Protein chains: 2
Amino acid sequence: MVASMSINQATPILKPARPQPKAPGPALGPCAACDIRALSICNVLSAGELERLRRIITQVQVDAGRTVIEEGAPAEDLFNVVAGTVKLYKLLADGRRQITGFLFPGDFLGIALNDIYAYTAEAIEPLQLCRFPRRKLELLLAELPRLERRLFGEVAHELAAAQDQMLLLGRKTAKERVASFLLQLSRRAAKRRQPPSPLPMPMSRADIADYLGLTTETVSRSFTQLRQAGLIAKDRQNRVEIRNLAGLSALAEDAGEA
Amino acid sequence: MVASMSINQATPILKPARPQPKAPGPALGPCAACDIRALSICNVLSAGELERLRRIITQVQVDAGRTVIEEGAPAEDLFNVVAGTVKLYKLLADGRRQITGFLFPGDFLGIALNDIYAYTAEAIEPLQLCRFPRRKLELLLAELPRLERRLFGEVAHELAAAQDQMLLLGRKTAKERVASFLLQLSRRAAKRRQPPSPLPMPMSRADIADYLGLTTETVSRSFTQLRQAGLIAKDRQNRVEIRNLAGLSALAEDAGEA
DNA sequence: CGACTCGTTGACTCTCTTCAAGGATAGTGG
DNA sequence: CCACTATCCTTGAAGAGAGTCAACGAGTCG
């Protein structure tokens, strides 16, 4: 029974982009210099196709704590995370919150069902985003089947992750949940070509709790238990070091997981 | 900590179809007589397109308790549920089970990520399925963009449902979970043009428990509470009647749900 | 330096689980 | 047709894991 009232007034304000620091290739504009292109949906496009995509993109920035999209609002845009961390969540009427996912650079945001966003997305860290107007993107998708396929794969991937999370929320103990969470962060960091072990933790304990279906206290206690068991450690920057990957995996993992 | 050992030996046996009772339209074969076509992915296809799809379809039947697809197995086929009920689940190494969804006639089955099924699908009732070989279907999708879009929508829908379920598993009480479950069944029945109120319950208490992240005992007790509160009732066939829709919704629902 | 937020830890509570038993229903075989 | 068994559902009593309430320490910011 967690309320998790964030004090931040989550007003959806998207700053228009700061003037781009003009990358070398003038044709591709910001895309040429984009260091997460290889991770994002853009990675299936040829130079010419990328240029077409670029034309409908707006670069936007979002301050930490601000809302990018809001549950129930008309789904007018989709986004690609270029830099920063995002949390997605749904609320119950009385304020109970469930975080359904965290997004990192390269991740895609905004797939909606009935032209209505099904969840809220809020910046944990200052964000750099690529914004795609939905209408224009849909027109483009009809002409770029590879991009559409890529997007399909993205959604299928999210679905698989959601199913893993259901297993976690429905059947794992607190300690197992935290272990699973750390391993997930580690794997995703590795995919972004970042070190898998001293893990930066931009999200708060409350965020982790609302992601894992626990309370901040229980998350904290679980961290302590894992630390005392020698599975993890913390450095001064509050990063989490994985000391015993096998042990952590044994604790977290289900029958067959990636 | 639920084990939910089902005794049934879940061997994946797909019976080749019984000889089709030859529907009037000879061209469309089984599709012409298919009474769930309007619900399924087929509903976006013209007659000619449907015929192309039909050519790659095999009709199969599955006995109750048998496995249709198995977590970890190579994803060679996709299916459309024509008749019967399916449960999808994932297992932990020690046998704990999480049911990630139930499928009813019209629902689609088998979207996989890395050509590997991410979950097991088991028949609750005897099934009638349309089987699509994945390879052939993929080739066809490239030529039938409408079908691909339809499938995309299907996956997006599943994702949204999964997010709702995460909210349920992470933050709702036992009574709220059961109420949500009943409403979900009711809505889906209505979509299939079946009466939304005396709800047939083909799944066992154990299945419901593993779907809601509870135990059979807690599910049973919650049912009793809802019954005593006058929100639901049961008839002799074990169907659940919704007596107070508003009350049930108030109990179940989050901020903004369909 | 004080006010604030965040994370940690402790003590107690409570919801749900676990363990156990009884009742209902369906299928089987004498 | 009626035991007899097996399975499922329900109910009760006791127990445990996580939640709630509360306090304290550490780091931050104005």
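Protein chains get the first letters and strands the later ones, always in sequence-line order, with residue 1 at the start of each. What you are looking at is a predicted structure, and each value in this text was computed from that prediction instead of being measured.
Computed from coordinates, the Met203(B) CE to dC8(D) C1' distance equals 15 Å when rounded to whole Å. In this entry the distance linking CG of Asn238(A) with C1' of dT5(C) reads 13 Å, nearest Å. Distance Lys175(A) NZ to dG17(D) C1': 12 Å, rounded to the nearest Å.
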Pair Asp210(B)-Lys87(B), salt bridge (charged side-chain N to carboxylate O under 4.0 Å, His left out): steps then yes or no: CA-CA 10 Å; Asp210(B) 283 350; Lys87(B) 60 186 172 195; over 6 Å; no

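Within 4.0 Å (heavy atoms only), Ser220(B) reaches at least one base atom of the nucleic acid. Backbone-only contact: Lys234(B) has heavy atoms under 4.0 Å from sugar-phosphate atoms and none from a base.
Nearer the 5' end of DNA chain D, as judged by each residue's closest nucleotide, is the contact made by Ala174(A), out of Ala174(A) and Glu217(A).
Heavy atoms of other residues, nucleotides or ligands lying less than 6.0 angstrom from CZ of Arg243(B) number 12 at most.
Between Arg97(A) and Arg171(B), the closest heavy-atom pair is O-NE, 3.0 Å. Shown here for Val219(A) and Ala209(A), the closest heavy-atom pair between the two residues is CG2-CA, 3.6 Å.
Among the nucleotides dT11(D), dT8(C), dG19(D), the one closest to the side chain of Arg221(B) is dT11(D). Side-chain proximity of Ser204(B) to the nucleotides dT10(D), dC9(D), dT8(C) is greatest for dC9(D). Closest contact between the side chain of Thr173(B) and the listed nucleotides dC16(C), dA18(D), dT20(D) involves dC16(C).
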